[in-house]
Amino acid sequence: MPFSEKIKEDAMVACGRHCCICHKFCGNKMEVHHIVPQKDGGEDSFENAIPLCFDCHAEVGAYNTSHPKGVKFSKNELKRHRDNWYKCVQERNINNETKQPVKLLREKGFENTPLTRITSGIQLLNALSGSCGAQYNYEEPKTREEAFIISEFQKEMEYLLDADSLIEESERVMLGFDLNDFITQMDEKGFWLFVGKENQMLTGGVIKTPECFPILHIYILKKENIQSKNN
Ligand SMILES: [Zn+2]
């Protein structure tokens with residue numbers, strides 16, 4: 001028996017239409033896999049279901065016990081991947097409503113960089129870590145207060161980018177905590193924050209030959225515009 005429509009629906013909501021193994025946003029291109037196979041008595045239950053992308057589904061199914069190559073996905077491991085990801089989706093408020101419309105606002109050439117909505121300071125610090133620079137894309141502020149919040153946030157980001165490699169683990173806790181304030185302030189003014197990392201070819205200045213550097217794209221967008229552009 002296949003999974004019922006209701007179970008598939010619950011699983012799609014729980015994973016936010018992202019693969020539970022590679023965490024890629026998949027839209028329609030998803031499959032619900034039986035963790036315990038049906039031939040071994042696996043049930044068509046939510047507990048036995050894991051949403052996967054086509055690639056990961058093929059990987060999970062491809063292991064050949066008579067020709068062992070690589071490390072097999074165990075049932076327990078699959079369950080843990082799934083439970084971790086469901087928890088992550090819930091906590092980080094990841095869902096396709098926030099994902100799809102933002103794509104429309106991307107500048108040319110960056111349409112395919114996956115964006116993550118940032119809702120906590122630690123999440124932002126993690127995204128920032130290892131980036132060589134940031135590019136901002138923000139909606140024009142309507143009041144001086146809004147402009148001030150965005151500008152202060154950018155200043156903080158510039159500081160953190162410069163200091164990235166010097167930040168001690170113990171400092172991160174406080175920095176992340178302080179960043180929460182910026183995120184909350186922006187949220188109160190109706191701004192949502194999204195980030196996506198992209199390798200970019202840079203040249204000029206001290207860089208003699210073009211080199212690739214990870215750049216963090218930071219989007220500060222008005223909530224209501226995200227929704228209206230979705231319609
Ligand atoms: Zn996958």
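In listed order, ligands and their atoms are each counted from 1. Residue indices begin at 1 and follow the sequence shown.
Ion pairing between Glu140 and Lys222 fails under the 4.0 Å rule for side-chain N and carboxylate O.
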Report task. Under the side-chain hydrogen bond (donor to acceptor under 3.5 Å, both in side chains) rule, what do Glu188 and Thr184 come out as? Steps first, then yes or no, please. Result -> CA-CA 6 Å; Glu188 279 166 4; Thr184 314; over 6 Å; no

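Looking at heavy atoms from C-beta onward, Phe191 lies out of side-chain contact with Lys223 at the 4.5 angstrom threshold.
Residue-and-atom listing of protein N/O/S atoms under 2.8 Å from the Zn ion (ligand 1), sorted by chain and number: Cys19 SG, Cys22 SG, Cys53 SG, Cys56 SG.
No more than 12 heavy-atom neighbours from other residues, nucleotides or ligands sit within 6.0 angstrom of OH on Tyr138.
Arg80 pairs by the salt bridge (charged side-chain N to carboxylate O under 4.0 Å, His left out) definition with nothing, not counting sequence neighbours.
In this structure, His217 has its ring center at least 6.0 angstrom away from the ring center of Phe194.
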